[in-house]
Amino acid sequence: MGIKDLLKFMKPYIEPIHIKKYAGKRVGIDAYSWLHKGAYSCSMEICLDANSEKKLRYLDYFMHRINLLKHYNITPVVVFDGGSIPCKAATQYERYRKRQTNRELAMEKLKEGDVNAASELFQRAVNITPFMAYQLIQILRSESIEFVVAPYEADAQLAYLSGLETEKDGIAAVITEDSDLLAYGCQATIFKMDRYGNGEEIILDKVFDTVDRRPSFQNFSKELFTGMCVLAGCDFLPSIPGIGIVKAHSFVSKYRNNERVLSVLKLEKGSQMPEDYCNSFREAFAVFQYARIYDTNTKSLKHMKPLSQTLLGSSDKDLDFLGPEIPSSIASAIAEGNLNPANMEAFDRFSSSGLDLKPLIKDHCTPKKVVAIVQAKHPSSCFVGPFSNETRGVVMKQNPVLGESKYIHEALALQKLVSSPEVREEAKEAIVWSDIPVRISKNPFKIEAKGMAEEISISVEDENSIMSLEFPDNGISKKRKHQEINLDQGVTEVEKFQESVDKRTSSGKGRGKLNKPKMSNQNTIFKFFSRVQV
DNA sequence: CGGGAGTATAAAT
DNA sequence: TATACTCCCG
């Protein structure tokens with residue numbers, strides 16, 4: 001993930017820090033890295049889509065860390081990934097494939113009865129779905145934690161925020177596991193933060209200013225550093241065979257200009273160098289500098305930094321590799337967590353949520369859950385329409401089940417946890433909540449228009465149709481989209497945009513039945529990947 | 001010999 | 001998933 005071997009290479013510049021260093025500051029969080037770590041503890045439940053509540057433990061994990069930051073008077077700003085950009089498709093497909101094979105292996109072990117081996121494999125098969133992110137978003141809203149869904153890469157959004165003044169929505173540091181942030185030029189990045197707040201930090205300016213240290217980055221600019229990262233191999237472009245981080249660094253140090261490095265490389269590696277490497281390099285390099293991000297102030301998309309003169313001359317279409325332009329109303333619906341960036345559907349409509357909750361409710365009906373169900377059946381009290389700012393954040397508070405935030409209790413327990421080592425063991429116990437409230441995401445029943453339920457169950461029963469489950473295609477989703485979305489005004493733009501998305505992605509194919517994605521068609525398959533990572 | 005690429009194994013939860 | 005170890009190439 002990220003830049004190959006970069007963290008290892010940067011070891012001499014890594015400083016152990018404690019998060020309290022950022023007391024009183026705003027700190028950005030790459031939501032994906034915590035979601036993924038949190039999913040570790042319940043990967044089997046997630047993969048099997050079990051009805052157990054253990055499945056939701058990743059949310060506890062996440063909020064535990066949020067509370068850790070709050071405990072140290074840090075303002076967390078959670079950033080989610082949005083859609084994927086074209087040049088990452090190869091990497092994403094690779095990861096998707098690995099997950100699938102691991103999942104298959106896991107199922108085998110499970111049949112053999114080897115649960116341990118199975119769960120180990122399931123850990124490598126977990127995928128963080130937009131719906132899982134959405135569940136977290138609902139909690140963040142109810143806890144008034146700031147968050148934003150990036151239009152494309154969260155890393156780009158985070159790096160952008162780290163470049164803003166602190167008073168102007170900026171963040172002082174970023175917590176992540178992804179070395180890409182360095183390539184994006186993020187000033188302060190914290191890796192490997194543990195549950196006590198200890199982590200490893202890299203300050204980019206220090207890297208450039210330090211003398212007498214190997215590897216040396218003296219007089220490196222951000223651009224040279226990014227160039228080195230791309231050469232070493234990143235998610236957007238694999239490296240030339242025989243080139244790794246060490247050689248990338250030595251080339252960039254020697255020639256001090258990315259274009260010059262490219263020419264030298266062409267001479268030296270001529271045969272092994274892919275035909276289009278230079279152009280691919282320039283694209284990847286440009287993404288790290290000019291990627292499209294969401295600007296909270298103008299509530300629209302913009303580039304990380306103003307386009308260079310050469311790029312300004314390009315047509316809109318030619319700039320699509322930075323992440324295609326999105327109309328502002330859509331961009332803000334995505335950013336605010338109301339629209340699933342993977343399929344452009346309203347989050348609280350279909351998604352897999354209905355599928356998750358229905359069996360859960362049927363199978364275990366505790367009194368508290370019944371209350372939740374009743375709530376769910378009365379949309380007026382827990383309904384969040386797409387694009388409706390007024391109702392945002394109110395949902396959970398109105399819900400008697402969710403009303404008293406368990407995360408407040410958690411915060412108290414945490415206070416104990418971090419205060420003195422002696423009470424840690426004791427506090428750890430307190431932190432395991434005995435009663436996990438049901439998290440109802442709006443009304444799972446509401447969407448059950450006639451005919452849909454059976455179509456849905458078809459996709460559930462088919463073991464191999466994971467993709468159609470997570471990324472419902474055409475037919476059903478569109479039907480609903482029209483029926484629901486018309487309730488709202490400002491919808492025309494949504495529909496228009498959706499239509500253009502449809503055209504682009506499904507090449508205007510029929511919209512009648514639930515189509516199975518075709519593995520042979522690359523364009524078709526890639527659009528099914530929402531956000532992927534191993 | 002250095003570095004890259006591939007493989008093993010442990011860690012985290 | 002990340003780090004360590006090993007092999008092979010220039």
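Given the structure is predicted, the values throughout are model-derived calculations rather than measurements. Scope of the values below: all heavy atoms of this structure, side chains included, with no hydrogens, waters or symmetry mates.
- Legend: residues meeting ring pair (Phe, Tyr, Trp, His ring centres under 6.0 Å) with A:Y152, ordered by chain and number and at least two apart, are absent.
- The side-chain contact (heavy atoms from CB on, under 4.5 Å) check on A:R214 picks up nothing, with sequence neighbours excluded.
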With B for base contact, S for sugar-phosphate-only contact and - for none (protein heavy atoms under 4.0 Å), nucleotides 8-13 of chain B reads --BBBS
Just the atom pairs and distances: protein N or O near nucleotides 5-10 of chain C's N or O, under 3.5 Å.
none

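- Looking at residues two or more places apart in sequence or on another chain, you find a side-chain contact (heavy atoms from CB on, under 4.5 Å) between A:K20 and A:H18, A:Y72.
- Remark: A:S280 engages A:L237, A:D276 in a side-chain contact (heavy atoms from CB on, under 4.5 Å) (not counting sequence neighbours).
- A:M10 places its CE atom 14 Å from the P atom of C:dT3, with the value rounded to the nearest Å.
- One interatomic measurement links the two molecules: CH2 of A:W34 to C1' of C:dT1, which rounds to 18 Å at whole-angstrom precision.
- Every residue was checked against the salt bridge (charged side-chain N to carboxylate O under 4.0 Å, His left out) condition with A:E120, not counting sequence neighbours, and none meets it.
- With sequence neighbours left out, the ring pair (Phe, Tyr, Trp, His ring centres under 6.0 Å) criterion links A:F225 to A:F208, A:F217.
- Residue A:W34 forms a ring pair (Phe, Tyr, Trp, His ring centres under 6.0 Å) with just one option from A:Y58, A:F62, A:Y61, and that option is A:F62.
- C:dT1 atom P lies 15 Å from atom CG of A:D5, rounded to whole Å.
- Not counting sequence neighbours, the partners of A:A291 by the side-chain contact (heavy atoms from CB on, under 4.5 Å) test are A:A156, A:Y184, A:V287, A:M304.
- Under the ring pair (Phe, Tyr, Trp, His ring centres under 6.0 Å) criterion, A:F9 pairs with A:H249, sequence neighbours left out.
- Under 4.0 angstrom from either OP1 or OP2 of C:dA2 there lies no side-chain N or O belonging to A:K11.
- Pairs of residues two or more places apart, or lying in two chains, that qualify as side chain to side chain donor-acceptor pair (under 3.5 Å) and include a residue from residues 285-294 of chain A are A:Q289-A:K305.
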Using atom names, set out every protein N or O paired with an N or O of nucleotides 2-5 of chain B below 3.5 Å, distance rounded to 0.1 Å.
| residue | atom | partner | partner atom | Å |
| --- | --- | --- | --- | --- |
| B:dG4 | OP1 | A:G244 | N | 3.2 |
| B:dG4 | OP1 | A:K247 | N | 2.9 |
| B:dA5 | OP1 | A:G242 | N | 2.9 |

